[in-house]
Undergrad: 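Once you've had a glance at the structure underneath, I'll fire off some questions.
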Number of protein chains: 2
Amino acid sequence: MASDSKPTINDVARIAEVSKKTVSRVINKSPLLSEKTRERVEQVIADIGYVPNPQARALALRRNFVIAAIHDNPNAQFLVNVQQGILEGLAGSDFNLMVKPVDRNSPNITDDIRDFLVRQRPYGVVLLPPVSENDEIARLCDDLGCRYVRMGSVRLDEAEHTVSSNDREAVCEAVSYLIEKGHQRIAIIEGPKGFTSPQERRAGFEEALHSAGLKLDEALVRPGSYTFESGVAAGQSLVEMADRPTAIFACNDEMAIGAMIAARRSGLLIPEDLSIVGFDDTPLSSHVWPSLTTVHWPIVDMARTAALKLIAPDDVEANARWLLPSVLIERSSVVPPAAR
Amino acid sequence: MASDSKPTINDVARIAEVSKKTVSRVINKSPLLSEKTRERVEQVIADIGYVPNPQARALALRRNFVIAAIHDNPNAQFLVNVQQGILEGLAGSDFNLMVKPVDRNSPNITDDIRDFLVRQRPYGVVLLPPVSENDEIARLCDDLGCRYVRMGSVRLDEAEHTVSSNDREAVCEAVSYLIEKGHQRIAIIEGPKGFTSPQERRAGFEEALHSAGLKLDEALVRPGSYTFESGVAAGQSLVEMADRPTAIFACNDEMAIGAMIAARRSGLLIPEDLSIVGFDDTPLSSHVWPSLTTVHWPIVDMARTAALKLIAPDDVEANARWLLPSVLIERSSVVPPAAR
DNA sequence: CGCCATTTTGACACCGGTTACCTAAATTAT
DNA sequence: ATAATTTAGGTAACCGGTGTCAAAATGGCG
């Protein structure tokens, strides 16, 4: 009993004895309408359960109510946080969220995205890191006249199309915290080359050393790829050193936890023998034992802000905001270094 | 230089000197067209870069090209896998994926979903567990004439609206494997009450015991909620028993890993002192040390199948498939019990 | 009461496609 | 050669909304 097909604006108009246009005015809360007819029409709408057809609206308005999240990020927790944030920003509006993953290794990412934008014509897109760091794609959106916000550690000094976090300052703070605790030999496990966020985090690391008068020991720098395995490998090579570091800063939590596991395998106690600081504040970081001291990366906030920038041009506050704070979360993976 | 607004079907018709309808026929690959005009029109389409407007099509066809994933599941890895699977199923079609999370604790989930379906009118929806277990919502889809597929351990004996996995058999196999290894005192950490999947997994557990002639010891049953913390709690209470079990089956990986951590905190060696088997095969399960023996839950396959069922009525193979195999993955968290 | 300004409402074309129906040309049958 | 049938393509209405602009209704004021 799937009932007859849905009532349309014409049905409402006929029953309420007004024109379609008047019904349209009621739906769109136009101010130039008498209270009397508005009530009458609203009554009819409620009676017959009329709901405007979004496709028809989209056609007439020449714009739809879709925000797309374009990503090439394989991290599940990140993705889900971003989606949550965008949906929070969209809540209460007519907008819906569409997800569009792209293949980071494909040579024609740009073509793929162009095709998507041209076919689907989303009202706006949120570009997620690392795809957000691709200037060509941002230009593509510009050319196609598609609203966009780039999320990440992009540090473009323009509020309109960007939502960033101050990774550099936050890492500087975190590493300074290690130094304050008495650590001098501090290692870093870097993120993948060629992206902004690992660069920023590395920069913050150096900044902290410099302002404490320490100099960077290249022997304590390890490459990483943001994966658990790369953290294990880097951690292992660090703890096997003759004069191993007393603390490690890893550019993300997964690698930090990998390093933790590697250290433990080598018989080290954490944090007594080795302090560790991560970055991201994934749920996992509070689940491991000892719980991981890390930098909270405000993904959900960034995503919510990005969504608001796209759909709420009047929200001056959201539109002005483009640099959100990453803050240090002290847990239990850091203590002063043991005397040697 | 955002260029003038996009070419429409009228532009193509005018330039190719045919009617709109003929262009429409070309787009829709209608067979009743001469090869000559088809080529001419296709040439014009390519020349001016015409792309059909999806909103207009949606309006005229009275159906859009949107598949929505409706979920109330907080697990990030699960969600991302589902999205990946659905997108694989949708790949190459005109369909796009929309995500619609609902609040599992809200009393008016049904109203929320009804509202979404009525407003957005997606072509089809994939209901994810545990929402998929709610019969009221399935009925709602029926009433609203919205195609749907319920994913999960739903075990409705009807292929049309269901994609399930054989959790029960798989768990039975996994626990039988423990028994073969020589374990007799096997504990279970259950999933949340009131959902099908934990029930099925528990049933499989009992089945394995029975067919081996063992009887269920209620003292070795612990409640859980699929969270890491509940796994820690359950694990701890199990290892503190005077005659503790030699093996634990946890109804998901997160709890298995929680139990693993709890056991280690109590000074137990894994797997020497305690074997552990999980369920899901999350990436984490191969990252922990020792790597977790677990049951692979074919989420991606299930999601892909669900998507195909929605959009490819001709794909008889996909439409007939509704029970996908969960298979045991042997890693290194199980060994025969130590002599006591 | 009549006139003008203002508010409220409606007629109609249009957004960019599709369907139903129709016509003219081409082909086949008689 | 003519009628019957098929094939190729066109016409007009329609899907369900919105924008424009003008008409109708209302109200204030002399």
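Naming: A, B, ... by sequence-line order, numbering from 1 per chain.
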Undergrad: Does the side chain of A/R62 pick up a donor-acceptor pair with the side chain of B/N53 at under 3.5 Å?
TA: no

Undergrad: Considering heavy-atom distances to DNA chain C, does A/E17 or B/K21 have its closest nucleotide positioned more toward the 5' end?
TA: A/E17

Undergrad: Is A/L32 touching bases, backbone alone, or none of the nucleic acid, heavy atoms closer than 4.0 Å?
TA: base

Undergrad: Minimum heavy-atom separation for B/R150 and B/S132, please, with both atom names.
TA: NE-O, 2.8 Å

Undergrad: Within the pair B/T37 and D/dG9, is there a side-chain N or O less than 4.0 Å away from OP1 or OP2?
TA: yes

Undergrad: Nearest-nucleotide wise, let me know which of B/R40 and A/A60 is further upstream toward the 5' end of DNA chain D.
TA: B/R40

Undergrad: From the 5' end of DNA chain C to its 3' end, which nucleotides mark the outer limits of contact with chain A, defined by a 4.0 Å heavy-atom distance cut-off (strictly under)?
TA: C/dT8 to C/dG16

Undergrad: Quick check on side-chain contact (heavy atoms from CB on, under 4.5 Å): which of B/V102, B/I70, B/L117 does B/D112 satisfy it with?
TA: B/V102

Undergrad: Taking side-chain contact (heavy atoms from CB on, under 4.5 Å) as the test, write out the residues that go with A/R321, two or more places apart.
TA: A/T305, A/E317, A/A318, A/L324

Undergrad: Mind checking the CG-CD spacing from B/L79 to A/Q83? Nearest 0.5 Å is all I need.
TA: 7.5 Å

Undergrad: Testing the basics here: between B/V131 and B/I113, what is the closest heavy-atom pair and its distance to 0.1 Å?
TA: CG1-CD1, 4.5 Å

Undergrad: Sub-3.5 Å donor-acceptor pair from the side chain of B/H161 to the main-chain atoms of B/Y148, do we have one?
TA: yes

Undergrad: Can you give one letter per nucleotide of nucleotides 21-28 of chain D, going 5' to 3': B for a protein heavy atom under 4.0 Å from the base, S for sugar-phosphate only, - for none?
TA: --------

Undergrad: Keeping B/S165 on the side-chain end and B/P325 on the backbone end, is there a donor-acceptor pair under 3.5 Å?
TA: no

Undergrad: Expressed as a whole number of angstroms, how long is the span from A/N10:CG to D/dC15:C1'?
TA: 10 Å

Undergrad: Sequence neighbours left out, what pairs pass salt bridge (charged side-chain N to carboxylate O under 4.0 Å, His left out) with at least one residue falling in residues 80-90 of chain A?
TA: A/E88-A/R304

Undergrad: Five pairs per end, C1' atoms only: what is the angle between the end axes of the helix from C/dC1-D/dG30 to C/dT30-D/dA1, to 10 degrees?
TA: 50°

Undergrad: What's the spacing between A/D103 CG and A/N108 CG if we round to 0.5 Å?
TA: 8.5 Å

Undergrad: Does B/V23 reach a base, just sugar-phosphate, or nothing at all? Heavy atoms under 4.0 Å.
TA: nothing

Undergrad: Does the Lys NZ or Arg CZ of B/R63 fall within the cation-pi geometry relative to B/F65 - under 6.0 Å from the ring centre and within 45° of the axis?
TA: yes

Undergrad: Would the distance check show the side chain of A/K6 and the main-chain N or O of B/V118 forming a donor-acceptor pair, the cut-off being under 3.5 Å?
TA: yes

Undergrad: Quick one: closest heavy-atom pair of B/G49 and B/P7, and the distance?
TA: O-CG, 3.9 Å

Undergrad: If only side-chain N and O atoms of B/S34 are considered, is one of them under 4.0 Å from the OP1 or OP2 phosphate oxygen of D/dT7?
TA: no

Undergrad: Can you tell me how far P of D/dC14 sits from CG of B/L61, to the nearest Å?
TA: 18 Å

Undergrad: Can you check whether B/S30's main-chain N or O pairs, donor with acceptor, with B/R38's side chain at less than 3.5 Å?
TA: yes

Undergrad: Does B/N28 reach a base, just sugar-phosphate, or nothing at all? Heavy atoms under 4.0 Å.
TA: sugar-phosphate

Undergrad: Find which nucleotide of DNA chain C each of A/R38 and A/K20 is nearest to by heavy atoms, and output the residue with the more 5' nucleotide.
TA: A/R38

Undergrad: In residues 41-59 of chain A, what residues come within less than 4.0 Å of DNA chain C, judged by heavy atoms?
TA: A/L59

